[in-house]
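One structure is given here, and the rest of the page talks about it.
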2 protein chains.
Amino acid sequence: MNKEKKSYHHGNLAESLLEAVDEIASQFGLEAVTLRACAKRVGVSPSSAFRHYSDKRSLLTAFATRALTQLSDALVAANRRATADNTDLFAAVGLAYIDFALTKPAFFRAMWREETIYTGDEHYIAASRQLSSHLQGGFAGTLHDKDPDSLSPQELLAWSSVHGLAKLLIDGTVCKGQDKADQLQAAAEMIAAMGPAFDIEPMA
Amino acid sequence: MNKEKKSYHHGNLAESLLEAVDEIASQFGLEAVTLRACAKRVGVSPSSAFRHYSDKRSLLTAFATRALTQLSDALVAANRRATADNTDLFAAVGLAYIDFALTKPAFFRAMWREETIYTGDEHYIAASRQLSSHLQGGFAGTLHDKDPDSLSPQELLAWSSVHGLAKLLIDGTVCKGQDKADQLQAAAEMIAAMGPAFDIEPMA
DNA sequence: GCTCAATGTGATCACTGTTAACATTCAATA
DNA sequence: TATTGAATGTTAACAGTGATCACATTGAGC
C-alpha cells in the first residue's frame, strides 16, 4: 500500500519477501510458498530474490527464524501477564505455546521443518536457543540463556508434552474438528495433569 | 534381485513403488522422494505410477499409512515383551515409540505431514486410529479400539510428551549431536519423570 | 559528475507432477 | 483355442518449479 512510486530498486526486498512468505503460508499453506509467487506478490522478478537469499531454503530459514522469535515473544508476554495476575506461570506459558500453534499453524510448522530449512544457520540456532531459554524461564522462573542440551527430565517433559500436543492438534491427529476453545481446554487439562510430576522433586 | 525377466507388466507395481519411497526416503530424506525417481528405481516409466496412485500425494498417503502400521506393530511388540518380562509397560511402549522415530526418522516424519498427505483417506484414518488405540493400550492396559477423540488428560499427556520428544529429537532441537543411546536415556528419564502424574488419580 | 558495487531483469536450463494418446499383456469367454 | 476387453505400461508433451547467467538500472562515495 505504500511504495507507490515504482522505482527500479525496491528498497526493502529481503524483508518484503519474508512478508510475502508469511501471507502466502497463512493463506494457502506452506506447500504453496513458491519463490515465484513471493516475487510476484512483491512485484519483482523471480530471480531478484536470489540477490538476498542464496536459496529458497535460505528464505524459509529466515522465515522460520522470524517465527521462532514471534513464538518467543508470545511466551514472554504470557509470562509477564501471568506474573502480573499472579496466576500459574507454567500453565500460562504452556497454553501460550499451544495457542500460537493453533493460531498460526503455518508458522509453527515452518519452525521445525528440518528438511526445508538450514538448521545450522546461526540466526536460526540463536532464535532456537532463545525460545528454549524462554520456555525454561516460564518453567523454572529464570530467564537467563541456558544450554538447550542440558534440560532436566522435568523440563524436557514440560517442553515435549506441550510441543507434542501442539503438533497432534494442528495435524488433526487429536481433537479433530473441535474448535479452538475446546482444544485449548484439552490442553489446559493436560497441563494440569502434569502438575504432580513437578510438585515432588522441586529441582532435580 | 528377483524379477529377472523383463516382462512388460511389472506385476506388483503399487507395492514396489512404496518400497521405492521407503528406500529413497531412508537414504536421502523425504524431500528427495520424487515420482520419477521412484519410477526409475523400480525400472518403470514415470507415468505408470498414476495407474496405481492418482496423485503423488496418494502415494505418500499410502506410505504414511504403512509407516503408521509399522509403528503400531513396534508398539505391540514392545507391549508383549514388557508383559512377558513383567517390566514397566508404559515406559516400554513410550520408549518403543521414540526408538522408532530415531531409527526411522523419515518414516516418522511421513506419518504426520499434514500438507503432503490426504489425512481424510480412509486407510490412513484407520491406521491412525489403530495407532492411537495401541498407545492407549500400552497406557491403560486395554487393547480394544477406542475413539482417539476421547482421550483423558493423562492419556493425552502420555502421547503428547512421547510424540513431542520424538519430534524434538529428530529435528535436532534437543540433545543435538548425542548418539541414539544417550537420547533414549534422556527419553527414559523423561518418561520416568511423568510417573507421579499417573500414580495419584488412577483413572480420572 | 563519474564510477562501481549493489540491486533488479529476461532468457534459459534441468527437473518436477501430470495428462493424453498409444502399446502391450493378461484373463475371461465363446 | 482364438478373440476381445480391461488392466497395465510407454512415449511425448505440458505448465510450473528452483536456479543461473549475462545484462540493465540505480544510488552512494570519490
Side-chain angles (χ1 to χ4, degrees), chain A residues 2-21 23-25 27-64 106 110 113-118 121, chain B residues 2-21 23-25 27-64 106 110 113-118 121:
Chain A
N2 41 7
K3 293 288 159 196
E4 284 299 337
K5 67 170 181 179
K6 305 219 169 190
S7 61
Y8 187 84
H9 285 98
H10 179 281
N12 198 11
L13 189 49
E15 177 67 17
S16 295
L17 282 173
L18 280 182
E19 281 166 20
V21 175
E23 293 165 15
I24 295 175
Q27 209 169 345
F28 306 106
L30 261 180
E31 304 293 316
V33 173
T34 237
L35 221 50
R36 299 169 114 99
C38 294
K40 172 175 280 187
R41 177 172 284 253
V42 173
V44 103
S45 91
S47 51
S48 57
F50 292 92
R51 295 277 174 220
H52 301 270
Y53 301 97
S54 61
D55 250 347
K56 183 190 184 182
R57 205 164 169 174
S58 295
L59 173 62
L60 292 180
T61 303
F63 179 68
R113 301 219 335 175
E114 199 256 357
E115 303 209 4
T116 51
I117 64 179
Y118 290 122
D121 176 84
Chain B
N2 40 6
K3 293 287 161 198
E4 286 297 339
K5 65 168 182 179
K6 305 219 168 192
S7 61
Y8 188 85
H9 285 96
H10 179 283
N12 199 11
L13 188 49
E15 178 66 19
S16 296
L17 283 172
L18 281 181
E19 280 165 21
V21 174
E23 294 166 13
I24 294 174
Q27 209 168 346
F28 306 106
L30 261 180
E31 304 294 314
V33 173
T34 238
L35 220 51
R36 296 170 115 101
C38 294
K40 174 176 278 185
R41 176 172 284 254
V42 173
V44 104
S45 91
S47 52
S48 58
F50 291 91
R51 295 273 176 229
H52 302 270
Y53 302 96
S54 62
D55 250 347
K56 182 187 184 184
R57 206 164 169 174
S58 295
L59 173 61
L60 292 180
T61 303
F63 179 68
R113 302 219 333 171
E114 197 257 357
E115 302 210 3
T116 51
I117 64 179
Y118 290 121
D121 177 84

Q: Compare all side-chain heavy atoms of A:L35 with those of A:F50 and state whether any distance is below 4.5 angstrom.
A: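 A side-chain contact exists here, since the closest heavy-atom pair is under 4.5 Å.
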Q) Reckon B:S48 has a side-chain N or O less than 4.0 Å from the OP1 or OP2 of D:dT10? A)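 True: B:S48 side-chain N/O within range (under 4.0 Å) of D:dT10 OP1/OP2.
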Q | Short side-chain N/O contact to D:dA7 OP1/OP2 from B:H52, under 4.0 Å | A |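 Result: no.
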Q. What is the per-nucleotide protein-contact pattern of nucleotides 13-21 of chain C, from the 5' end, where B denotes a base atom under 4.0 Å from a protein heavy atom, S denotes such proximity for sugar-phosphate atoms only, and - denotes neither?
A. ---BBBBBB
Can you tell me how far [atom2] of [Y] sits from [atom1] of [X], rounded to the nearest 0.5 angstrom?
X	Y	atom1	atom2	value
A:R113	B:L30	CZ	CG	10.5 Å
B:L18	B:H52	CG	NE2	11.0 Å
B:I24	B:K40	CD1	NZ	10.5 Å

How long is the line joining [atom1] of [X] and [atom2] of [N], in whole Å?
X	N	atom1	atom2	answer
A:N12	C:dT7	CG	C1'	13 Å
A:L59	D:dT17	CG	P	15 Å
A:K40	C:dT9	NZ	C1'	16 Å
A:E31	D:dG18	CD	P	12 Å

**Q.** Axis deviation across the helix from C:dG1-D:dC30 to C:dA30-D:dT1, five-pair ends, to the nearest 10°
**A.**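 Comparing the axis at each end, I get an angle of 0°.
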Q.
If I compare all heavy atoms of A:L13 with all of A:S48, which pair ends up nearest, and what's the gap?
A.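 Heavy-atom minimum between the residues: CD2-OG, 3.9 Å.
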Q) Residues two or more places apart in sequence or in another chain: which of them pass salt bridge (charged side-chain N to carboxylate O under 4.0 Å, His left out) with B:R41? A)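 Partners of B:R41 under the salt bridge (charged side-chain N to carboxylate O under 4.0 Å, His left out) test: B:E23.
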Q. Can you tell me if A:E115 uses its side chain to pair, donor with acceptor, with the backbone of B:E31 under 3.5 Å?
A.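 A pair under 3.5 Å: yes.
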Q: Would you confirm whether B:T61, through its side chain, and B:Y118, through its main-chain N or O, come within 3.5 Å as a donor-acceptor pair?
A: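 Yes: the side chain of B:T61 pairs with the backbone of B:Y118.
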